[in-house]
Amino acid sequence: MDKPKLLFLDDEVDNLDAMERLLRKRFTVFKASTPQDAFAHLDQNPDIAIIISDQRMPLITGVEFLEKSIVTHPESIRILLTGYTDIESVIEAINKGQIYKYITKPWDPVDLQKNLENAYEKLTLRKELKEKNRALEDALLELQSLDKTKSQFMILINHELKTPLTSILSFTGLLRESSLSDEQALFTDRILKSADKLKGIVDDVLLIVKGELGQIPIRYETLKIRSFFEQLPEDMTKMMVTKGQKIEFDLAVETFEADSQYMRILITRALHNATKFGQAQTALKVSSRLEDKNVVVEIRNLGPKISQNILDKILSPFTLDENVMNHSVGMGLGLTICQTLLKAHQGRLEISNTDDGVSVRFVIPEVRK
């Protein structure tokens, strides 16, 4: 490993030789008895780590030399060597020459080497910090680029996909109202169903990207928990009737503050999962309580537990599992949407297995942050 470089300027040759003998094992020492020699060494060695200069010299003072060395070697550590303890010289050296330390002559060898080791360590740490700051700046630029890409993606999805989708839905709806054969009606219904499904996926993706960008506005109002279970989507109600499921309430907290629109999405998505995976002829249990200034709404269902493998990735959007037919099957964005919307409320989503089923908890701050 190359030794760090050190430049020593002093008009006394004996001092130069003594310094070299003392430091040559640890540093590559460049000696200069005149300012011209010192500046020549600086020009030829841009990586000089430490610059030491005597203060009292006939052609230039140490402060003047150290000040000029800043132009070509701003990162180097500067040390002033002086036989005088003139406080004004010391202050001038600190202000103009940006010295790290001043050492009085005659120097103590042990003390000098210790100071030089500390100086080089400081220089090394400064370089490491500069590299880390540069890496952080690069990471920040990358994040900013990713955010910009997300925004552009959101604009692309919103315009380039939703516009033709609207046309498909509109014209297929008109086609459905015309005289169609049974086969044509069947095909039209399938087109509408697929287009509606695609529209739902596009809306979900847009909502997730908005959440990642912090662009989901929350309009708080006082909401009743029971009200979200009074008018459920038709397909969910039909599924519950078919499976003989019912909802049981245990509400220690009746109301809470949140965004009505997004909270309805949250509860509907979670309840849909509970209905779909819950056992037939069982109750879906909805409870609420206050925990550490948070309102906790929990939906539990009796049924199969979620494997740890699924728990680890269930909240990651766009995750795929392979079914037995080796076809990619989307795990769905329902719980990811729930997590996104809860984050917008400064809350969080908790999913866990119970002794006899699965629990989904919405943790919502009681007091808005």
Report summary line: ring pair (Phe, Tyr, Trp, His ring centres under 6.0 Å) pairs touching residues 14-72, sequence neighbours excluded, are Phe30-His41, Phe39-Phe65
Requested in this report: Would you give the length of the straight line joining atom CG of Leu165 to atom CG of Leu198, rounded to the nearest 0.5 angstrom?
Outcome: 4.5 Å
Query raised in the report: Just how far is it from atom OG1 of Thr188 to atom CG of Leu180, taken to the nearest 0.5 Å?
Result: 5.0 Å
**Report entry** Set of ring-ring contact (aromatic ring centres under 6.0 Å, His included) partners for Phe228, sequence neighbours left out
**Finding:** none
Query raised in the report: In chain order, what residues pass the ring-ring contact (aromatic ring centres under 6.0 Å, His included) check against Phe277, with sequence neighbours excluded?
Result: none
Query raised in the report: Is there a donor-acceptor pair closer than 3.5 Å between any side-chain N or O of Lys3 and the backbone N or O of Arg24?
Result: yes
Query raised in the report: What's the spacing between Ile247 CD1 and Leu232 CG if we round to 0.5 Å?
Result: 5.5 Å
Query - Asn301 side, atom CG; Asn273 side, atom CG - distance, nearest 0.5 Å - result: 9.0 Å
Query - Under 3.5 Å: donor-acceptor pair, side chain of Asn294, backbone of Val296 - result: no
Query raised in the report: Is it true that Arg134 and Asp138 make a salt bridge, defined as a side-chain N closer than 4.0 Å to a carboxylate O?
Result: no
**Report entry** Any donor-acceptor pair under 3.5 Å from Gln55 side chain to Val63 backbone
**Finding:** yes
**Report entry** Basic-acidic side-chain contact under 4.0 Å: Glu221, Arg219
**Finding:** no
Report task. With His73 as reference, evaluate Asp47, Leu42, Ile50 under the side-chain contact (heavy atoms from CB on, under 4.5 Å) test and give the passing residue. Result -> Leu42
**Report entry** For Asp108, all residues meeting side-chain hydrogen bond (donor to acceptor under 3.5 Å, both in side chains), sequence neighbours excluded
**Finding:** none
Query - Within 6.0 angstrom of Lys199 NZ, more than 12 heavy atoms from elsewhere - result: no
Query raised in the report: For Ser359, what residues pass the side-chain hydrogen bond (donor to acceptor under 3.5 Å, both in side chains) criterion, not counting sequence neighbours?
Result: Glu298
Query - Glu230 and Lys224 ion-paired at < 4.0 Å - result: no
Query raised in the report: What pairs meet the side chain to side chain donor-acceptor pair (under 3.5 Å) rule with one or both residues in residues 238-254, with sequence neighbours excluded?
Result: none
